[in-house]
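Just so you know, these numbers use all the heavy atoms, side chains as well, and skip hydrogens, waters and symmetry mates. All values reported here derive from a predicted model rather than from experimental measurement.
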Amino acid sequence: MERTIGVLTSGGDAPGMNAAIRSVVRSAIKKGFRVIGVRRGYNGLINGDLIEMDMRSVSNILQRGGTMLYTARCDEFRYEEGLQRAKKTCEENGIEGIVVIGGDGSFRGAADLSARGVKCVGIPGTIDNDIQCSEYTIGYDTAMNTAMEMVDKIRDTAESHYRCSVVEVMGRHAGHIALNCGIACGATFILVPEVPYSIDAIVEKMKMTQKIGKHHFIILVAEGIGNVNELAKEIERLTGIESRATILGHVQRGGSPTVRDRVIASQMAHYAVDLLEKGVGNRVVGMQKNEVVDFDIQEALRMKKPFDTNLYQIAHDISF
Ligand code: F6P
């Protein structure tokens with residue numbers, strides 16, 4: 001009898017999700033599976049919003065941002081009734097396993113569904129790079145490059161006006177985008193949730209660098225640190241340097257994925273299909289030392305991801 005698997009994207013979208021969907025579909029069909037696309041994340045499982053996938057249904061998506069299966073955050077899936085409806089959809093359609101492309105919240109759902117008999121394998125897809133078990137998450141590279149390009153443009157105008165630009169990048173509880181983008185853009189100060197900061201330290205650094213000829217400043221702030229408009233006002237009040245705030249927002253989530261995102265998405269998805277072929281579920285695929293590996297979902301959710309404090313120090317040592 002033909003074996004069937006599903007694929008869905010869940011949570012915030014990330015560039016490279018389409019590359020992952022394509023790889024799941026093609027790897028699985030090549031192995032003889034039937035593949036069903038589930039639309040709008042777990043909502044599609046609950047409501048039976050499914051599409052049959054074939055080799056051609058994933059043509060011409062590799063280079064596109066967003067997700068052709070659409071995505072959502074699904075509250076109903078946190079309750080037994082939602083899980084049971086999803087399980088029923090899987091039973092009715094002969095779906096034995098699902099590749100779930102998303103973040104932490106999506107993996108919790110994948111663990112719950114696995115516990116109810118539908119084998120799920122997660123792939124880390126989020127621009128934040130905040131999945132503990134994986135050094136890399138799909139979308140991170142593209143988002144950082146998008147943010148970098150935007151900050152480069154902001155720097156042009158900040159420099160022309162002798163201003164300070166306070167720029168907020170995404171990363172709900174994680175400063176990985178802010179740190180890397182901050183280094184890449186030569187930010188005078190980088191504020192991340194992982195490292196405590198004081199406004200005095202920012203002001204002191206600005207004044208010190210101003211004394212040695214600097215006249216425009218980029219302060220890069222991870223989302224969740226606080227109100228960047230207020231911060232810009234406070235910096236202006238304390239330094240006398242005209243300041244402006246910019247929130248980059250969802251522009252960071254869109255756009256054509258970089259080589260890195262396309263390649264890693266393709267690799268991880270291929271690996272996830274291998275696991276399902278072996279009949280293994282309740283796993284998360286991750287990247288460790290450039291190798292694709294997998295973990296038990298609960299174990300993966302308990303892991304802690306270190307923040308690169310060395311890199312953070314380097315950023316501050318060379319921003320003058
Ligand atoms: O988790 C990815 C992310 O882009 C975060 O960086 C951000 O805080 C959040 O999603 C925004 O979510 P939404 O698109 O629901 O506003």
Sequence neighbours excluded - salt bridge (charged side-chain N to carboxylate O under 4.0 Å, His left out) pairs with any residue from residues 221-232: Glu230-Lys233
Can you name the side chain to side chain donor-acceptor pair (under 3.5 Å) partners of Thr209, sequence neighbours left out? none
So does Glu76 pair up with Arg78, basic N to acidic O under 4.0 Å? no
Could you note down all residue pairs passing salt bridge (charged side-chain N to carboxylate O under 4.0 Å, His left out) where residues 90-107 supplies at least one of them, sequence neighbours left out? Arg3-Glu96, Lys87-Glu91, Lys88-Glu92
Regarding Lys305 and Glu135, does a basic nitrogen lie under 4.0 Å from an acidic carboxylate oxygen? no
Would you please name every residue forming a salt bridge (Lys or Arg N to Asp or Glu O under 4.0 Å) with Asp274, sequence neighbours left out? Lys31
I need the minimum non-hydrogen distance between Ile138 and Ala20, along with the two atoms involved. CD1-CB, 4.3 Å
Full working for side-chain hydrogen bond (donor to acceptor under 3.5 Å, both in side chains) between Thr9 and Thr67: CA-CA 7 Å; Thr9 47; Thr67 157; 2.8 Å; yes
Check the side chains of Asp294 and Tyr271 for a donor-acceptor pair under 3.5 angstrom, ignoring hydrogens and angles. yes
Co-members of the apolar cluster containing Val100 [side chain, <4.5 Å]: Leu8, Ile36, Val38, Tyr42, Leu45, Ile46, Leu50, Phe77, Leu83, Ile95, Ile98, Leu113, Val118
Using a 3.5 Å distance criterion without hydrogens, assess whether the side chain of Tyr136 forms a donor-acceptor pair with backbone atoms of Asp141. yes
For Tyr79, all residues meeting side-chain contact (heavy atoms from CB on, under 4.5 Å), sequence neighbours excluded: none
Who passes salt bridge (Lys or Arg N to Asp or Glu O under 4.0 Å) against Arg237, sequence neighbours left out? Glu234
Summary of salt bridge (charged side-chain N to carboxylate O under 4.0 Å, His left out) pairs that have at least one residue in residues 37-49, sequence neighbours excluded: Arg39-Asp49
Name all residues meeting the salt bridge (Lys or Arg N to Asp or Glu O under 4.0 Å) criterion together with Glu80; count only those two or more places apart in sequence or in a different chain, and write none if there are none. Arg116
Are Val228 and Ile199 connected, step by step, through hydrophobic side chains (Ile, Leu, Val, Met, Phe, Trp, Tyr) whose heavy atoms are closer than 4.5 Å? yes
Sorted by chain and number, sequence neighbours left out, ring-ring contact (aromatic ring centres under 6.0 Å, His included) with Tyr162 holds for His215
Looking at Ile154, Ile218, Leu231, which one forms a side-chain contact (heavy atoms from CB on, under 4.5 Å) with Val166? Leu231
Run through the side-chain heavy atoms of Ile, Leu, Val, Met, Phe, Trp and Tyr, join any pair under 4.5 Å, and report what else lands in Val293's cluster. Phe295, Met303
Going by salt bridge (Lys or Arg N to Asp or Glu O under 4.0 Å), name the residues that satisfy it together with Asp128, two or more places apart in sequence or in a different chain. none
